[in-house]
Amino acid sequence: MKIMLKDGSFKEYSEAKSVYEIALDISEGLARMACAGEVDGKVVDLRTVIDKDVTLNIITANDPAALPVIRHTTSHVLAEAVKRLRPDAKVTIGPSIEDGFYYDFLTDPFSREDLDALEAEMKKIIKEGKEISRFTLPREEAIKFMEEKGEPFKVELIKDLPEDAEISFYDQGGFTDLCAGPHLMSTKNIKAFKLISSSMAYWRGKSDREKLQRIYGTAFNKKEELEAHLQKLEDAKMRDHNKLGREMGLFLTADVIGQGLPLFTPKGTKMIMKLQRWIEDLEDNEWGYVRTRTPLMAKSDLYKISGHWDHYMDGMFILNKDAEDGKEVMALRPMTCPFQYYVYMNEQKSYRDLPYRMSETSTLFRNEDSGEMHGLTRVRQFTITEAHIVLTPEQAEEELTRCVDLAHFVMKTLGINGDVTYRLSKWDPNNKAKYEGDENYWNSTQQYLRDVMNKNGIVFTEEDGEAAFYGPKIDIQAKNVYGKEDTMVTIQLDCSAAAKFGMYYIDEQGNKATPWIIHRTSMGCYERTLAWLIEHYAGKFPTWLCPEQVRILTISEKYNEYAEKVKAELKKAGVDVTVDKRSEKIGYKIREARLAKLPYWVIVGEQEQAENLVSVSSRFAGNEGQKPVADFVAQIVDEIKNKTIREEVNE
RNA sequence: GCUAGAAUAGCUCAGCCGGUAGAGCACUUCACUCGUAAUGAAGGGGUCGUCAGUUCGAAUCUGAUUUCUAGCUCCA
């Protein structure tokens, strides 16, 4: 057989050889560094035997592709350490994940001290340099093997494997685990690892199954890479909107007000209002939307028609639920859809009126479980710019494209379009009760959205069980500083609601026809968007979004009057400006202006006052020198108007 | 909702084998009126998240509760 190597050279062997043996044949050093093989583009275990012509790449420890192998092997070392220190613990699964690995055990909770002890034990196991070997067993023997070891979760895993699956085990000198691999050849090849945290996790992710203890860890090729990664985690914490947003005085929470109910300060409110005014004007003036203003609550009857009463009762705040005096049962709205439908139905529509685009800056209420709330990203009351577009089926493709375009434009303007991924959120065919409509409805609407994204060249993933109960969604997702994903913008196709509510339009033949509806956001949730902006910019917002765009620093109190004059000029031009009149040293005032992450600060003193100048400094360019006041006003107004995103200067 | 951890001054934190609280920064006042990262001095500020219990006595021990954090579950 003939093996083509990465550099284009060939190796020929008469008999079958494992990847490791081939690596050894090339050079001993390579074999020492080898972590896995890549056979015809597929990552495989070093023990994989090759018996035909292939292209082979030996993945060494320096290759990022080796990380999952290293991490997975580290998780096995962790499992052995846990079994040594807690023989009664039951093992489950321990995959490598982005940035690390985890392993779930059925045992008592781990404290930080337990994790430290486990780390020490793992170091011992690594030092022991145990050879890792692989073997397979027939199904029945594999089950018996794990039953004898007293590992019920492994038995369950084997039983759930397809009948024809190869059942492989990896043994590291006494500790044996059911595993598909791939793995390193020896535990001693683990050079740098760290146990990060522990927490509870449900077996197979189901809240009615066993409660397991999960340990998260990470591993790298080199100590330096591990250190760098841990440093990155620390740095990410500095950007955390929940900390930074509070420190910057943008929002707060109060125990007595409740969970998931943030209060915005004047600064935070200013930022949200800038976003809101911008998006409302944009939609109304350039994208053909009309604006509605509808109630924040409604009788339960409305939600019974919409389906929320059946599908979403637990998520709603219900008023007068157990009222005995005959008061109507009401609910705070969890969405705006049916309210806008009634606005649509107020006047009979012709096909000429469609697409009919109704938008509303809409406050919604959702009764999240107590453990779900987080900063500004998961809250119980939030505001979105929500629209419902009523249209004919023929118009849907173009209109969906427009919705994607608008969302894209919004994110580009905010400077965060590079942070997002697109997702087609589908129903769960195994849990049909959660959704309305039959298989045919879901397959056709999902295909419709798929086609629209493909035609527009959008790269997207598909996810089952993420759809709304009435239809599939295009979700635009973003990750927070901890890597957790949230939906920023959603565009949903709904071909069933109109009929439920009796919505229609008069078509070209003069007959009543049932429209389709697009549910979509452009700004998504303001709270979440603000959180995202805080983390993306680490608080250094583009000038147009800053609640304080310019601060005037006076050299001494003698120049307060002139400072007020400059302030008035800026205010008149619509700039958010303040004056620091305190009798502090100028260096101290500058330091504070920097700490506040201000885009601009200007210094006024004797010379400036005499010649009508300001000394301009900015986050972006450092000291910009003296400028006539009028020039500075023009500069900043231009920047705000064009929503310019300037590069930061490195200090 | 689940598991674990946490809550002390505006912020960051110390105190904790039980004897009713401390630091730095911030704030106020006075002096200084200053040119691109911290002027000096003095002062004010906390029923130690809340409610119970144990105790002669609780920030410290116990229980409950609220809020926060991580992860799980959930996210129409």
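Every chain is numbered from 1, with letters handed out A, B, ... down the list of sequences. Everything quoted here is computed from the prediction, not taken from an experiment. Just the heavy atoms: all of them, side chains too, but no hydrogens, waters or symmetry mates, feed the values below.
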Please report the distance separating the [atom1] of [N] from the corresponding atom of [M], rounded so that it comes out in whole Å.
N: B:rA9; M: B:rA23; atom1: P; value: 14 Å
N: B:rG24; M: B:rC17; atom1: C1'; value: 28 Å
N: B:rA14; M: B:rU36; atom1: P; value: 38 Å
N: B:rU8; M: B:rU47; atom1: P; value: 13 Å
N: B:rU66; M: B:rU50; atom1: C1'; value: 7 Å
N: B:rA64; M: B:rU54; atom1: C1'; value: 15 Å
N: B:rA4; M: B:rA41; atom1: P; value: 50 Å
N: B:rG10; M: B:rG46; atom1: C1'; value: 12 Å

Using every non-hydrogen atom in the two residues, find where [X] and [Y] come nearest and quote the distance to one decimal.
X: A:Gln340; Y: A:Ser359; value: NE2-C, 3.6 Å
X: A:Leu302; Y: A:Tyr342; value: CD1-CE1, 3.4 Å
X: A:Gly94; Y: A:His72; value: O-CD2, 3.2 Å

Can a donor-acceptor pair under 3.5 Å be found between the side-chain atoms of A:Arg246 and the base atoms of B:rC68?
no
Polar pair under 3.5 Å, donor/acceptor by atom type, side chain A:Arg214, base B:rC72:
no
Could you go through residues 464-473 of chain A and list every donor-acceptor pair under 3.5 Å that involves a side-chain atom there, pairing it with any protein atom two or more places apart or in another chain?
residue: A:Glu466; atom: OE1; partner: A:Arg423; partner atom: NH2; Å: 3.3
residue: A:Tyr470; atom: OH; partner: A:Gln492; partner atom: OE1; Å: 2.5
residue: A:Lys473; atom: NZ; partner: A:Glu466; partner atom: O; Å: 3.4

Can you name the atoms? Protein N/O to nucleotides 30-34 of chain B N/O, anything below 3.5 Å, with the distance.
residue: B:rC32; atom: N4; partner: A:Ser583; partner atom: OG; Å: 3.0
residue: B:rU33; atom: O2'; partner: A:Ser556; partner atom: OG; Å: 3.4
residue: B:rU33; atom: O2; partner: A:Glu557; partner atom: N; Å: 3.3
residue: B:rC34; atom: N4; partner: A:Ser583; partner atom: O; Å: 2.9

Should we say atom CD of A:Glu606 is surrounded by more than 12 heavy atoms from elsewhere, each under 6.0 Å from it?
no
Should the heavy atoms of other residues, nucleotides or ligands under 6.0 Å from NZ of A:Lys304 be counted, would the total exceed 12?
yes
Using a 4.5 Å cut-off on heavy atoms from C-beta on, say whether the side chain of A:Leu530 contacts that of A:Phe251.
no
Phosphate oxygens OP1/OP2 of [N]: is one of them under 4.0 Å from a side-chain N or O of [X]?
X: A:Arg591; N: B:rA38; value: no
X: A:Tyr102; N: B:rA70; value: no
X: A:His374; N: B:rG71; value: no
X: A:Gln259; N: B:rC68; value: yes

Distance in angstrom units between [X] [atom1] and [N] [atom2], rounded:
X: A:Glu527; N: B:rC75; atom1: CD; atom2: C1'; answer: 15 Å
X: A:Asp580; N: B:rG35; atom1: CG; atom2: C1'; answer: 14 Å
X: A:Leu595; N: B:rC25; atom1: CG; atom2: P; answer: 15 Å
X: A:Ile384; N: B:rC75; atom1: CD1; atom2: P; answer: 17 Å
X: A:Ile93; N: B:rC72; atom1: CD1; atom2: C1'; answer: 13 Å
X: A:Met335; N: B:rC75; atom1: CE; atom2: C1'; answer: 15 Å
X: A:Glu592; N: B:rC25; atom1: CD; atom2: P; answer: 13 Å
X: A:Arg378; N: B:rA70; atom1: CZ; atom2: P; answer: 13 Å

Under 4.0 Å, counting only non-hydrogen atoms across every strand here, what does [X] touch: a base, just sugar-phosphate, or nothing?
X: A:Ser615; answer: base
X: A:Gly375; answer: sugar-phosphate
X: A:Glu624; answer: nothing
X: A:Tyr470; answer: sugar-phosphate
X: A:Ala467; answer: sugar-phosphate
X: A:Lys237; answer: nothing

In dot-bracket notation, what is the pairing pattern of RNA chain B, taking Watson-Crick (N1-N3 plus N6-O4 or O6-N4) and G-U wobble (N1-O2 and O6-N3) contacts under 3.5 Å, with [ ] crossing and | for other strands?
(((((((..((((.....[..)))).(((((.......))))).....(((((..]....))))))))))))....
Using heavy-atom distances to pick each residue's nearest nucleotide on RNA chain B, tell me which of A:Ile603 and A:Ala468 is more 5'.
A:Ile603
Between A:Ala254 and A:Gln607, who's closer to the 5' end of RNA chain B by nearest nucleotide?
A:Gln607
Testing A:Ile518, A:Ile474, A:Thr490 for side chain to side chain contact (heavy atoms under 4.5 Å, CB included) with A:Cys403, which one passes?
A:Ile518
Can A:Arg71 be said to sit on top of A:Phe101's aromatic six-ring, NZ or CZ under 6.0 Å from centre and within 45° of the ring axis?
no
Lys NZ or Arg CZ of A:Arg86 over A:Phe105 ring: under 6.0 Å, within 45°:
no
Sole residue of A:Thr487, A:Thr461, A:Asp475 in side-chain hydrogen bond (donor to acceptor under 3.5 Å, both in side chains) with A:Ser425
A:Asp475
Kindly assign one of parallel, tilted or perpendicular to the pair A:Trp309 and A:Tyr303, based on the angle between their ring planes and the thresholds 30° and 60°.
parallel
Once base and sugar-phosphate atoms are separated, protein heavy atoms under 4.0 Å mark nucleotides 2-14 of chain B, 5' to 3', with B, S and - as BBS----------
Name all residues meeting the ring pair (Phe, Tyr, Trp, His ring centres under 6.0 Å) criterion together with A:Tyr341; count only those two or more places apart in sequence or in a different chain, and write none if there are none.
A:His388, A:Phe501
With sequence neighbours excluded, what pairs up with A:Lys194 under the salt bridge (charged side-chain N to carboxylate O under 4.0 Å, His left out) test?
A:Glu119
